Amino acid sequence: MENRNSLQPIRTAAPADRLLGRVCSVGGRRYLDCGFDQLIAVSDADAARYADGAFVEVEIAAGATPWRDAVSQQQAVQQSFDQLIASIRKHTTLEVGLAAADVERLQSELTAHAPSGRRFRVYAPGNSCHFTLNTKNCTGEHLFRLLAGERIEAQCWDYTDFNRLKTNVDEPVCLNPVRPAPVEAAEGECFDVYVNRAVDFGLFVSFGGNDGLIHKKSLPNYDERFRSGEIAAAYRRGMKIRAKLLSKTRDEQSGRLRYTFDPVTDDAPVAFDSLTLDVGDTVTVHVNNVTRNGLSVRYRGEVHTVDRNSIPNCVERIRNGVYLPNQPLRVKMIRRNDKQRHFLFELLDKTVDYGLAEGDILRCEITPTEIPATTEIRTTIDQRSCSFHLHPQELPYSLNNYLREHSLETEVRVCGFFEHGDPKFQFKSLIADRIQALDEGLTLDAEVLFEDGQAGIILWRAGEVFGFLPVGSYSFPMARNIAFSHGERIAVRVGRSDGKTFFRLAQPPVNPWDSLSGIAEGKRIRVQVCDVREDEIRIGYDRVFGILKPYTARRPEAGETVEAFVSRFSPSEAVLECFTTDCDTVPDSLEPGTEYDLQVVAHAAGAGKLWALQQERLIEIELERPEMPDYVTGCLLRHGSRVRVRAEERDGVRRVRLLYDRESLWAQAGLREGDRCYPVIAEIRPDRMIVTHRDVIGYIPNDELDWNSSRIVDRSAYRPGMQVEALVLRADAASGELVFSRKALLEDPWPAYPHREGDTTEGTVAAVLPNGNLLVNADGIVGEVLKYNVSWFNFQSGMNRYRTGDRLRVQLVKFDPEARVLFLSGTGGTESPWNGVNYRVGSKYEVTVLRTDRMAVMVALDGIIGEIPRERIGWITPPSAEGTFAEGERIEAQLIFINRTKRVAQFSRKAVLPDPWGVPIAEGDVAEAKVVEATASEVRFDVGGRLGVCSREMARAFVAGACGDVQPDALFHPGEL
């Protein structure tokens, strides 16, 4: 026989033994593998008869190494293999040993930083050697014995593995080690224990069938040594150490005993009693690494700590690489713990010379950080990269949105104050100072950097000068305005007003409304339909936009050109209203002195034009201005109403006069102030509801609908044609003004309100204000909930958790019935869920999507609610976060910021997504792109997860040259490939 390695054999084959073996080749020689820790040598003559991998049953000859067949090969293989399978059942125990080829691999696995979970081959005597062992299921004692060449007991817990073995003999079966029977132990005895793993509170060990723990208090300076990796290197898994049993307790769930040990060791790095160092002594230590408590340092073989409170500006020093591994430091001992063999030092040399002085100008790059509302400046000092924090207040507010996604190269001035002899730097941006130093009337050649649609500004740069150009300074309402793209050159002129500097375009654009020609009320023009919505249709004429009212059987489609009549045109108000009809206009054939019944199509009050149908013919006539309130005229001449007019001719001009006998109608109605009546709603306008009572037209102002209408106007329950109960508030027959009130019929809820300050009640959200506050109807009175008191969760984006109609439990914070003031709180009387929060920044969690809006995605993590900002959703920032995820969807995100005091938590979806820029792409490649956003200046594409930008000129050339002066947003649509 030939030994495979230096380990002792598990079993030695004796003469006349009948074994099942497998032919194999090692180093050009043939052997028989019978499951021992040895291979049986085979003669060349006998080995040539069988191929590698063949199974044969053999008998060991006495005094000879060659072997001979007991039966024929085929019968031996089948019969012996069937016997092997039949003899193994579920939970059958096998004695196995580690394969020699896997000894070094197992040793490297145990010393690795992270276990790979790989399996290792083991041999069972008398079997076919197709077994593996997973180290995750092994205790430290199992691993120690395997590496020592001993055998351990193992079982197969799944009989199906052996069924697979019948069909595929090359597939190994994984075994699980058998835990030995528990060993009786008394407190105070010493045992050989085996290390299982090291954790932050001690060492898990095992001996026999028992599990135990060596608490960290029993190991000197355990915390620092554990964080530095010294514990993992000194106490490897499977290592045998001597320990004394301190105590034992029984686990109620498993019924097993848990032991606590104290290590017995005589090889301490330094006898602590022999150290002459005491509190106040000064020594030299060497830096080990950085910890959360300060610097981990080494002194005479022991690991100790330099208190971070003694290191001025500790965070910036560590980030800028001031302290490097093995760097010597002079320190003074300030505390000594003999039980844990740990020293706490204070840094003596606290000064660090960055080569900066107060007033120096520093060239740097301002970059965003993971912490919201903070920025960082990066620069190079003495060929060493350094970074410092820059307070956001040192930058103009309009730069905040730009710095969320971009970096800015500029100059800052160093401002410093000294703390314990170490300069803690402050920096001031020179952007504001350089803007104030510009002369009035100066023209700058600037480059467009960024368009902030939220703030309504254009960020530009001219050399070292950064400025902001308000979009309103060169744009006009309801008009096709100038659009600037990134990198475009513009001429900016400096201006001053009240000591402040502002910027305008050197050549102000002409207002498109002032340059319109050939348009007036009553004229027929050709317009292009731009956008078709349910509530309105937007049209374009020349460079302005207007509203189209289609009085036709078919609604026009976007991009269609139609003929329309101008019903209202006001350049000063930027208003253009047109209408279309299916009827053809015929000449006016009304006879003077004759009365006619007409159906109104449209009315142009400014020009005095009336379009009406007479016997299915559309006529355009001039209307004499009636002497009545405008709301009465608008109600009488609304589209579809029928009116009676009289044709008249004066000075050669034919007009019609509206026949509306106001005096007789008022006399018949007999309305007086204070009367209760039941008018009918004719029209609902933004500021009032037009009503009619016995053909007399009046209105109900919004603030007279109910007692809460001064805070919120809720007209969802009203419809045209509905009859309502109201009280006549004002009736003036001379002017024709009639005002109704519904609030006067309702009881004032303020004096009899059942709640007082401090009470809690259930309310309904009536409205969500633009500033984030809520209006809540609490038992008949609408109160306001400030956004910081809405819930225990605040959001940087201003997004609110609640919507109109949601139920909310509120507490009365302030109630003044005389001043009619009610303030509520959504957090009163409840405990903050942030008290028990223990999440770590940088960790990944699975969160649930609650709601999305334009700026962020609201998510929930267990007891807290946070948000994913729009710029953190992915590698491409969408134009809006609304609809990016479905409500209730569970997604993975990384926690990037949490402030328990301000109750703010922010997550990043981008941090858990793979970087798309890792996939190679080169100029000239053809790729499929999806439109993300199309504006008047550029088109943004999603190219395999990357953001691609196409300028306005390239977008026009991409489609067709015949498109003319069409904008890119009319050619590309979001989601289009």
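Worth saying up front: this structure is predicted, and the values here are computed from it rather than measured. Position 1 is the first residue of the sequence; numbering continues from there.
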Heavy atoms, side chains only, cut-off 4.5 Å: are [X] and [Y] in contact?
X: Glu892; Y: Arg909; answer: yes
X: Thr761; Y: Leu824; answer: no
X: Ile547; Y: Leu576; answer: no
X: Glu867; Y: Arg851; answer: no
X: Arg538; Y: Met478; answer: yes
X: Gln906; Y: Pro869; answer: yes
X: Phe907; Y: Val859; answer: yes
X: Thr764; Y: Val776; answer: no

Quiz: residues 878-885 side-chain donor-acceptor pairs under 3.5 angstrom, not counting sequence neighbours:
from   : atom 1 : to     : atom 2 : distance (Å)
Ser880 : OG     : Glu882 : N      : 3.2
Thr884 : OG1    : Ala881 : O      : 2.8

Self-check item: Partner set under salt bridge (charged side-chain N to carboxylate O under 4.0 Å, His left out) for Arg638, not counting sequence neighbours
Solution: none
Self-check item: Listed partners of Arg820 passing salt bridge (charged side-chain N to carboxylate O under 4.0 Å, His left out), at least two apart
Solution: Asp748
Using side-chain contact (heavy atoms from CB on, under 4.5 Å) as the criterion, list what pairs up with [X], not counting sequence neighbours.
X: Ala860; result: Leu850, Ile865
X: Asp661; result: Glu663, Ser664
X: Thr580; result: Leu548, Pro550, Thr552, Val562, Ala564
X: Glu818; result: Asp816

Exercise. Apply side-chain contact (heavy atoms from CB on, under 4.5 Å) to Met722 and Val724, showing your working.
Key: CA-CA 6 Å; Met722 179 186 297; Val724 296; 4.2 Å; yes
Strictly distance-based, threshold 3.5 Å: is any side-chain N or O of [X] a donor or acceptor partner for the main-chain N or O of [Y]?
X: Glu573; Y: Ser570; result: no
X: His639; Y: Val601; result: yes
X: Asn481; Y: Ala479; result: yes
X: Trp707; Y: Leu746; result: yes

Self-check item: Short side-chain donor-acceptor distance under 3.5 Å, Asp630 and Thr633
Solution: no
Self-check item: NZ/NE/NH1/NH2 to OD/OE distance under 4.0 Å, Arg533 and Asp531
Solution: yes
Practice problem: State plainly whether the residues Asp597 and Arg644 are in salt-bridge range, i.e. N to O under 4.0 Å. | Solution: yes
Suppose we screen for ring pair (Phe, Tyr, Trp, His ring centres under 6.0 Å). Which residues come up paired with [X], at least two apart in sequence or across chains?
X: Phe565; result: Phe579, Trp611
X: Tyr845; result: Tyr839
X: Tyr753; result: His755, Phe815

Quiz item: What do the steps show when you test Val575 against Phe569 for side-chain contact (heavy atoms from CB on, under 4.5 Å), and what is the final call?
Solution: CA-CA 6 Å; Val575 173; Phe569 176 65; over 6 Å; no
When the side chains of residues 673-689 are checked against the rest of the protein, which donor-acceptor pairs come out under 3.5 Å, sequence neighbours left out?
from   : atom 1 : to     : atom 2 : distance (Å)
Asp675 : OD2    : Arg672 : N      : 2.9
Arg676 : NH1    : Glu725 : OE2    : 2.6
Glu683 : OE2    : Arg685 : NE     : 3.4

Quiz item: Atom OG in Ser908, atom CD in Glu871: separation rounded to 0.5 Å?
Solution: 9.5 Å
Self-check item: Any pair counted as side-chain hydrogen bond (donor to acceptor under 3.5 Å, both in side chains), so long as it reaches residues 695-705, sequence neighbours left out
Solution: Tyr699-Glu737, Asn702-Arg715, Glu704-Ser741
